[in-house]
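See structure below.
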2 protein chains.
Amino acid sequence: MKRVYVKDVREYLEKAILLKGWIHKIYDVGQISFIQLRDKTGILQLVVEKNLREGLRLEMAIEVEGCVEENPKAAGGLEIKTTRITVVGQGDYEVLPFAINNGVIDAHLETQLNERTISLRSPKVRAPFKVQEEIVEAFRTFLKSQHFSEIHTPKIIASGTEGGSEMFTVNYFDRRAFLAQSPQFYKQMMVGAGFERVFEIGHAYRAELHNTWRHLNEYVSLDVEIGFIDDEGDLMDLEEAFLRSLFPHLKETCGYELQLLGIELPEIKEIPRIPLEEAQRVLLEGYQKKSPQGNLDAEGEGIFSRYIKEKFDSDFVFLTKYPASKRPVYTMPDDGLPGMTKSFDLIYKGLEITTGGQRIHQYTRLRENMLAFDLNPEDFDFYLNTFKYGMPPHGGFAIGLERITMKILDLDNIRQATLLPRDLKRITP
Amino acid sequence: MKRVYVKDVREYLEKAILLKGWIHKIYDVGQISFIQLRDKTGILQLVVEKNLREGLRLEMAIEVEGCVEENPKAAGGLEIKTTRITVVGQGDYEVLPFAINNGVIDAHLETQLNERTISLRSPKVRAPFKVQEEIVEAFRTFLKSQHFSEIHTPKIIASGTEGGSEMFTVNYFDRRAFLAQSPQFYKQMMVGAGFERVFEIGHAYRAELHNTWRHLNEYVSLDVEIGFIDDEGDLMDLEEAFLRSLFPHLKETCGYELQLLGIELPEIKEIPRIPLEEAQRVLLEGYQKKSPQGNLDAEGEGIFSRYIKEKFDSDFVFLTKYPASKRPVYTMPDDGLPGMTKSFDLIYKGLEITTGGQRIHQYTRLRENMLAFDLNPEDFDFYLNTFKYGMPPHGGFAIGLERITMKILDLDNIRQATLLPRDLKRITP
């Protein structure tokens with residue numbers, strides 16, 4: 001008998017089917033028990049007679065045969081008249097770490113993360129990862145439709161992209177190596193290698209000493225790099241077009257999960273592009289909020305996002321024209337605005353989810369900028385030499401996957417958008 | 001003017017178009033020059049008058065305007081009557097590291113890897129990565145059609161899946177951590193967490209002291225894990241079905257690259273499944289080739305593959321029923337064959353590209369097996385505890401992405417299937 005997923009059961013009305021999953025809930029009512037079966041796709045009521053009920057415990061993995069019947073009182077309007085239950089995965093526990101069948105888990109997030117296999121069984125806890133998977137799918141599909149190639153670049157590297165601070169070190173045979181903070185140099189090199197337009201979905205590592213709701217030490221970065229651009233406007237156009245394609249895709253593929261999480265996705269209109277200096281001025285004049293030099297702080301990002309929401313009805317805002325002193329060595333200066341660069345951040349509901357910009361593509365200019373940044377060009381030969389051989393104007397950006405997931409779903413903590421988070425204190429499970 | 005890719009130029013016959021790419025070759029013939037323009041998708045001839053030719057060098061990045069005309073003598077039957085050339089990426093080199101416009105690069109592989117941005121510009125060198133991208137695409141599409149979820153699990157881990165040998169160590173703040181050899185434990189846990197069927201496309205790390213044509217220290221692993229299986233036969237069925245879907249997909253999407261590399265893909269018929277002991281007997285009796293206990297060596301894999309090719313006309317063969325002593329602690333014993341396990345390898349043209357098998361899903365049995373393997377169950381609590389809460393029968397496998405790419409394309413060295421390889425000696429570029 002072919003296994004049927006819960007979400008498809010309605011197609012088998014009055015028929016005998018095979019189901020597989022876990023025992024989510026048990027109600028005993030005299031000679032009859034109502035058992036909620038939970039599988040990957042949903043929850044369904046089994047009607048079980050006493051002889052089949054014996055020995056069953058919550059969270060056992062079971063296979064079930066029975067007939068699909070309508071019952072307006074059951075959730076989803078369907079139930080299974082059960083004829084056979086086989087326990088295929090035993091319950092060897094004394095007590096479950098916490099209940100997962102009451103909607104919201106009554107346990108601290110850290111406890112839930114310690115028992116990740118169990119907490120993820122809660123449909124509400126697992127739902128963000130279906131949405132996350134579809135964010136990745138939409139990203140990939142959109143970029144492939146725009147002639148991008150998917151690449152895989154090394155995470156073990158010999159030198160940092162920005163001088164080696166905040167990097168984890170790896171003992172690589174008899175040498176010291178690092179874990180890559182981003183595929184920055186490599187994605188630029190692959191543009192120059194003839195792929196022209198590349199993206200990578202891969203881990204990035206930051207040895208930052210932050211332990212906050214928005215920081216991870218290992219995260220998934222959605223990286224993009226494009227050759228033959230005119231300026232950073234092309235990059236913002238591309239990211240905006242991706243985001244506009246993303247929300248309809250999520251509505252189409254994640255209806256169940258979005259409903260479960262109580263999320264309604266708005267239509268994305270034009271995303272405002274505001275120079276950083278103007279944002280700082282608005283904050284100071286309108287909100288008496290001072291900003292650090294050449295940036296906004298977390299509080300400023302929050303206030304400015306609310307200002308943009310009110311004024312433009314947009315959850316997103318591009319901040320543009322960051323000063324050169326605050327951007328990496330490879331950032332293209334804006335020749336029309338001395339001291340400024342052709343770079344941007346994307347702020348979404350008060351949180352930075354993207355940094356991007358045009359890069360320097362001229363060998364001499366890049367080399368000189370390295371010297372101006374007190375870097376030794378010889379340390380970066382493997383990268384710098386690329387620029388001798390016809391490097392087209394190019395740029396790119398990166399989206400933090402967990403951050404965008406968290407913000408789309410209004411989650412409180414980035415760890416809720418991470419299957420197995422890595423932070424200052426946690427490397428297990 | 002919208003940019004047109006070389007592969008699409010025929011659609012614009014007699015029209016003015018914009019092209020972008022690199023100068024692949026220059027022939028000067030009196031007042032006229034023939035310039036080959038190379039972009040991501042192919043090579044096209046530009047007809048250029050003397051005034052536009054000046055200052056151009058090989059490998060400069062250019063933008064070109066001109067009119068598409070038929071010329072039966074030009075490769076592809078088309079050429080561009082050029083009206084404008086703009087150099088957007090300068091050539092700042094004295095001499096190219098090697099010629100990339102003569103079909104095959106006349107330089108040692110190591111030299112090509114040192115100058116990776118340049119060697120990849122050769123269409124033949126870059127072609128394997130288009131095929132590799134489509135292998136990944138086919139893998140993902142096939143599994144999604146079979147109700148799998150794509151996951152991302154940590155590569156920084158606290159303890160090894162098989163005891164910690166051959167792992168790179170990471171300095172994680174004040175602790176020692178490791179780089180994951182595989183997502184083995186985590187993919188099993190995610191099956192148990194309710195995803196039921198998962199796959200991951202991610203890096204895996206092996207601190208092996210091999211420096212051979214088939215070893216990498218960082219590679220991309222295509223990992224699969226499935227819950228609610230009957231036995232390891234389900235896993236081989238799934239991998240076989242994937243491979244059968246793969247070759248037609250590659251023929252459809254990589255026609256240009258396969259032709260460039262001179263590869264014809266056969267139809268995959270039924271893949272033979274041969275117990276390891278029988279393979280060893282065939283090698284000994286037919287070829288006087290002794291095998292190590294509980295395995296084949298590299299030479300044995302080669303001979304046995306040729307035997308299978310002759311006897312079954314198959315490039316693939318599953319070796320089954322490996323002894324428990326040669327498989328990891330989590331491998332499900334085969335109760336019908338004492339000492340043996342429900343595990344398999346897939347050998348493709350003489351090279352192992354997959355290891356897989358059913359896993360132990362019973363808490364007590366797994367715990368006892370850990371003790372039998374001289375492992376301390378408490379070191380694996382984060383994993384072992386999962387098995388208390390209804391873990392269904394499950395199993396999985398992993399395919400080495402660079403290995404399958406190499407073998408499909410008959411490449412000599414796995415580094416030719418790796419953009420930026422990491423080996424015993426190499427961590428740059």
Side-chain angles (χ1 to χ4, degrees), chain A residues 20 22 39-40 59-61 88-93 116-118 120-121 126 133 136 149-158 168-173 177 179 186 189-190 192-196 203 218 220 228 361-364 382 386 388-393 419-420 422 424 427-429, chain B residues 20 22 39-40 59-61 88-93 116-118 120-121 126 133 136 149-158 168-173 177 179 186 189-190 192-196 203 218 220 228 361-364 382 386 388-393 419-420 422 424 427-429:
Chain A
K20 302 183 179 188
W22 286 267
D39 77 6
K40 181 182 176 118
E59 295 307 318
M60 281 177 160
V88 297
Q90 292 292 337
D92 278 322
Y93 58 88
R116 200 53 167 152
T117 318
I118 306 308
L120 283 167
R121 289 187 182 187
R126 202 168 65 248
E133 184 182 357
V136 172
S149 299
E150 184 170 8
I151 58 171
H152 306 279
T153 68
K155 304 309 159 204
I156 296 180
I157 59 173
F168 291 113
T169 53
V170 179
N171 305 302
Y172 194 81
F173 301 113
L179 289 180
Y186 293 141
M189 288 165 69
M190 291 306 113
F195 291 99
E196 295 191 29
H203 281 108
E218 177 183 58
V220 176
F228 297 103
H361 64 278
Q362 305 95 334
Y363 173 77
T364 310
F382 75 91
T386 303
K388 289 182 183 171
Y389 307 106
M391 194 70 174
L419 283 177
L420 298 155
R422 292 296 177 255
L424 204 51
I427 51 174
T428 50
Chain B
K20 303 181 179 192
W22 287 266
D39 76 7
K40 180 180 176 123
E59 294 307 320
M60 281 176 161
V88 296
Q90 291 294 338
D92 278 322
Y93 59 87
R116 201 51 167 152
T117 318
I118 307 308
L120 283 166
R121 290 187 181 186
R126 203 168 65 247
E133 184 181 358
V136 172
S149 300
E150 183 170 9
I151 59 171
H152 306 278
T153 68
K155 304 309 159 201
I156 295 181
I157 59 173
F168 291 113
T169 53
V170 179
N171 305 303
Y172 194 82
F173 301 113
L179 289 180
Y186 293 141
M189 288 165 69
M190 291 304 113
F195 292 99
E196 295 191 32
H203 280 109
E218 177 182 58
V220 176
F228 297 104
H361 64 279
Q362 305 96 335
Y363 173 75
T364 311
F382 75 92
T386 304
K388 289 182 182 172
Y389 307 107
M391 194 69 175
L419 283 178
L420 297 155
R422 292 295 176 256
L424 205 52
I427 49 173
T428 51

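Proteins come first, then strands; the chains are lettered A, B, ... in the order of their sequence lines, and each starts at number 1. Keep in mind that what you see is a predicted model, and the values were worked out from it rather than measured.
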What's the spacing between [X] [atom1] and [Y] [atom2] if we round to 0.5 Å?
X: L419(B); Y: F195(A); atom1: CG; atom2: CZ; result: 5.0 Å
X: I118(B); Y: K388(A); atom1: CD1; atom2: NZ; result: 10.0 Å
X: R116(A); Y: T386(B); atom1: CZ; atom2: OG1; result: 12.5 Å
X: K155(A); Y: K155(B); atom1: NZ; atom2: NZ; result: 12.0 Å

TODO: Give the member of F382(A), Y93(A), Y389(A) that has the highest number of heavy-atom pairs under 4.5 Å with chain B.
DONE: Y389(A)
- [ ] Return the set of residues passing side-chain hydrogen bond (donor to acceptor under 3.5 Å, both in side chains) with K40(A) (not counting sequence neighbours), or none when no residue passes.
- [x] S149(B)
Task: Residue list, side-chain hydrogen bond (donor to acceptor under 3.5 Å, both in side chains) with T428(A), at least two apart or on another chain - done: none
Open item on the list: For G192(A) versus W22(B), what's the shortest heavy-atom pair and its separation?
Closed with: O-CZ2, 3.8 Å
Task: Proximal component of L424(B), with respect to chain A [non-hydrogen, under 4.5 Å] - done: both
- [ ] Using non-hydrogen atoms and a 4.5 Å limit, figure out which bit of V220(B) sits close to chain A: side chain, backbone, both or neither.
- [x] side chain
For residues [X] and [Y], determine if any side-chain heavy atom of one lies less than 4.5 Å from a side-chain heavy atom of the other.
X: V136(A); Y: H152(B); value: yes
X: M190(A); Y: L120(B); value: yes
X: T364(A); Y: Q90(B); value: no
X: L420(A); Y: Y186(B); value: yes
X: P392(A); Y: K20(B); value: no

Task: Sidechain-backbone polar pair: E150(B) side chain, E133(A) backbone, donor-acceptor under 3.5 Å - done: no
Task: Side-chain (R422(B)) to main-chain (I157(A)) donor-acceptor, under 3.5 angstrom - done: no
- [ ] Give the ring-plane orientation class for F168(B) versus Y172(A), where under 30° counts as parallel, over 60° as perpendicular and anything between as tilted.
- [x] parallel
Task: Best-contacting candidate, T153(B), I151(B), T117(B), against chain A by heavy atom pairs under 4.5 angstrom - done: T117(B)
- [ ] Give the member of M60(B), E218(B), M189(B), H361(B) that has the highest number of heavy-atom pairs under 4.5 Å with chain A.
- [x] E218(B)
Open item on the list: Checking H203(B) against I156(A) for the side-chain contact (heavy atoms from CB on, under 4.5 Å) test, could you report, in this order, the C-alpha distance in whole Å, the side-chain angles of both residues, the deciding distance, and whether it holds?
Closed with: CA-CA 10 Å; H203(B) 280 109; I156(A) 296 180; over 6 Å; no
